[in-house]
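To find a chain, count down the sequence lines: A is the first, B the second, and so on, and within it residues start at 1.
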Protein chains: 2
Amino acid sequence: MSQQERQPTSCLIERMRHYIPLTSQDEQLLRELETDEVTYRPRTRLRFSDDPTHLFVVKSGWVYRFEELEEKRRRVIRIHYPGDIVGLTDVAMKAADGEMMTVTKTVLCPFPKSKLDDIFINSPRLTALLFSLGVLKQVVLHDRIKIMGRSSAPHKVAHFLLEMHARLRIHSPDGVLGRFEMPLTQDVIGDAIGLTNVSVSNAMTQLAFEGYCTCQHREVILHEIDKLKEMIGFRDRYFEIDTSWFPQ
Amino acid sequence: MSQQERQPTSCLIERMRHYIPLTSQDEQLLRELETDEVTYRPRTRLRFSDDPTHLFVVKSGWVYRFEELEEKRRRVIRIHYPGDIVGLTDVAMKAADGEMMTVTKTVLCPFPKSKLDDIFINSPRLTALLFSLGVLKQVVLHDRIKIMGRSSAPHKVAHFLLEMHARLRIHSPDGVLGRFEMPLTQDVIGDAIGLTNVSVSNAMTQLAFEGYCTCQHREVILHEIDKLKEMIGFRDRYFEIDTSWFPQ
DNA sequence: CGATATCTTGATTATGCTCAACGACAGTGG
DNA sequence: CCACTGTCGTTGAGCATAATCAAGATATCG
């Protein structure tokens with residue numbers, strides 16, 4: 001009991017445990033990433049490259065990563081929520097560009113690259129998992145490019161919601177998730193999938209009218225998940241990955 | 001001399017050498033990937049998942065990877081040419097879906113996963129490079145999503161050509177490349193960036209009219225690379241990567 | 001409650017899609 | 001050498017979708 005209180009739930013550990021069983025050493029290595037905490041208010045803009053030697057774990061709250069194009073044009077690269085490690089992509093690249101914006105009140109846990117090395121050295125199994133999750137991200141990007149290419153606004157929005165659902169349901173006890181909180185504005189959604197806020201609104205209205213899903217008061221309800229998936233040929237990449245080749 | 005004839009140029013080795021110096025052992029490890037050869041005729045459809053335990057090195061010719069959506073709709077995921085390793089993404093994933101299509105006469109070198117393990121075990125430096133090139137691919141996908149979102153057809157086509165140019169100039173002696181062969185049809189280009197062949201044609205015409213570039217008889221000439229890059233905010237991710245953290 | 005942000009709706013415009021026809025070109029076989 | 005064929009690129013007309021601009025309705029938060 002007191003044990004549990006000293007080691008409260010970590011979304012990061014929860015996430016990793018979804019894919020593989022963790023040894024207590026693994027768990028400790030992950031816990032090391034969340035020792036520091038910084039709290040940010042909603043709608044705070046963070047220069048990502050302020051300290052390129054540090055990565056972040058999102059402990060609570062929603063954050064997105066974006067890039068300014070011209071005036072009035074932004075591109076939202078990725079949406080992050082609790083359990084995500086931000087910055088893995090840039091470890092290997094020279095220029096870590098892009099900025100972040102908090103959506104809600106947010107707690108980030110910055111940690112130095114070196115703690116990543118600790119994982120690489122001490123846990124081949126966790127290393128393999130991190131590598132796989134990187135590859136997964138790539139596959140998901142392929143899917144996103146697929147849908148962004150030549151499909152209607154409603155399809156794009158549907159895909160966006162389903163991808164979000166796929167990522168979130170990992171944290172649901174039984175992997176079932178009919179409704180979830182989604183604090184993003186339609187502006188942000190639009191910038192993520194290449195539509196204007198107006199088109200997002202219209203698409204939402206239509207999806208709701210056809211009974212697929214509703215999206216009100218920051219809450220998404222997917223009434224017809226399977227039909228929705230079938231309509232756009234959605235495949236959930238997140239729930240299962242191939243761990244058979246992992247060491248140990 | 002006779003040495004050179006017994007070990008002819010390999011695009012793969014050339015590519016790797018662009019980023020880091022290779023030991024003779026590294027070189028040997030890479031050469032091991034190209035021991036087998038299979039030749040395919042133009043426009044040959046290859047099921048990628050025929051043998052998921054094997055990867056390919058493209059030795060000569062152009063190939064692209066695609067997925068059928070509905071009838072008449074395809075999505076071209078990635079274009080491969082000599083020196084590319086195909087299938088790295090799928091090593092870690094359960095489902096290796098998608099198919100390949102040869103554009104020109106093509107020589108592929110299939111090799112088993114295990115040879116990849118040889119590299120992982122024997123050359124941390126090559127391993128780090130392969131990892132970094134994977135991350136790079138992700139960054140490039142971000143750029144592609146960025147341009148596919150909300151930009152005009154000419155911008156999309158320009159981006160496509162510039163990305164191609166960025167990948168190809170690695171193999172140019174001085175990194176300068178004004179013109180290059182490009183055997184893809186406008187249909188394929190369209191499926192890669194989410195346009196119809198008609199729109200690609202119109203965009204090409206306009207880009208040519210404005211003096212940026214021309215594209216005739218399978219040859220691309222970039223007259224105003226810098227202006228083109230500036231117009232769409234293009235960044236060349238391929239030429240330089242951060243190797244400072246590599247082992248050894 | 002008031003102030004701001006967000007969402008919805010409508011009218012108009014622009015961009016790219018669809019369908020279709022035509023021309024250029026390469027490869028083939030007589 | 002010349003039709004014959006199929007692929008590929010170009011061009012045009014009409015249409016569909018989403019962008020833009022703008023006004024009004026709702027929600028959210030201090």
Checklist entry - Side-chain donor-acceptor pair under 3.5 Å between B/R74 and B/Y64, yes or no? => result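 B/R74 vs B/Y64: donor-acceptor pair found between side chains.
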Between protein and nucleotides 4-7 of chain D, what N or O pairs are separated by less than 3.5 Å?
{"residue": "D/dT7", "atom": "O3'", "partner": "B/R43", "partner atom": "NH2", "Å": "3.4"}

Checklist entry - Do the rings of A/F180 and A/H165 sit parallel, tilted or perpendicular, given the 30° and 60° boundaries? => result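 Plane angle between 30° and 60°, so tilted.
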Checklist entry - Should the ring pair A/H171 and A/Y81 be called parallel, tilted or perpendicular, given that the plane angle runs from 0 to 90° and is split at 30 and 60? => result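 A/H171 vs A/Y81 ring planes: perpendicular.
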To the nearest Å, give me how far apart [atom1] ([X]) and [atom2] ([N]) are.
X	N	atom1	atom2	answer
A/L195	C/dT15	CG	C1'	14 Å
B/Q206	C/dG16	CD	C1'	12 Å
B/I193	C/dG16	CD1	P	11 Å
A/D191	C/dT6	CG	P	12 Å
A/M148	D/dA18	CE	C1'	14 Å
B/M204	D/dT10	CE	P	8 Å

Could you write out each protein N or O paired with an N or O of nucleotides 18-22 of chain C at a distance under 3.5 Å?
{"residue": "C/dT18", "atom": "OP1", "partner": "B/R73", "partner atom": "NH2", "Å": "3.0"}

Next on the checklist: Between A/F111 and A/D36, is the side-chain contact (heavy atoms from CB on, under 4.5 Å) condition met? List the steps.
Outcome noted: CA-CA 7 Å; A/F111 66 89; A/D36 293 346; over 6 Å; no
Next on the checklist: With side chain to side chain donor-acceptor pair (under 3.5 Å) as the test, pick out the partner of A/D236 among A/R169, A/K229, A/R167.
Outcome noted: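 Only one option passes, and that is A/R169.
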Checklist entry - Given B/R235 and B/D143, is the salt bridge (Lys or Arg N to Asp or Glu O under 4.0 Å) satisfied, shown in steps? => result CA-CA 9 Å; B/R235 300 185 52 178; B/D143 288 343; over 6 Å; no
Next on the checklist: For a quick check of understanding: with a heavy-atom distance under 4.0 Å over all strands, which category does B/G194 fall into, base, sugar-phosphate or nothing?
Outcome noted: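 If one applies the 4.0 Å heavy-atom cut-off, B/G194 turns out to touch the sugar-phosphate alone, with no base involved.
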Checklist entry - Can you tell which of B/V38, B/L108, B/L33 makes a side chain to side chain contact (heavy atoms under 4.5 Å, CB included) with B/F56? => result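 Exactly one candidate clears the test, B/L108.
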Next on the checklist: Across nucleotides 24-30 of chain D, 5' to 3', mark each nucleotide with B, S or - according to how protein heavy atoms within less than 4.0 Å reach it.
Outcome noted: ---SS--
Checklist entry - Taking only side-chain nitrogens and oxygens of B/Q216, does any of them come within less than 4.0 Å of OP1 or OP2 of C/dA24? => result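 Checking B/Q216 against C/dA24: no side-chain N or O falls below 4.0 Å of OP1 or OP2.
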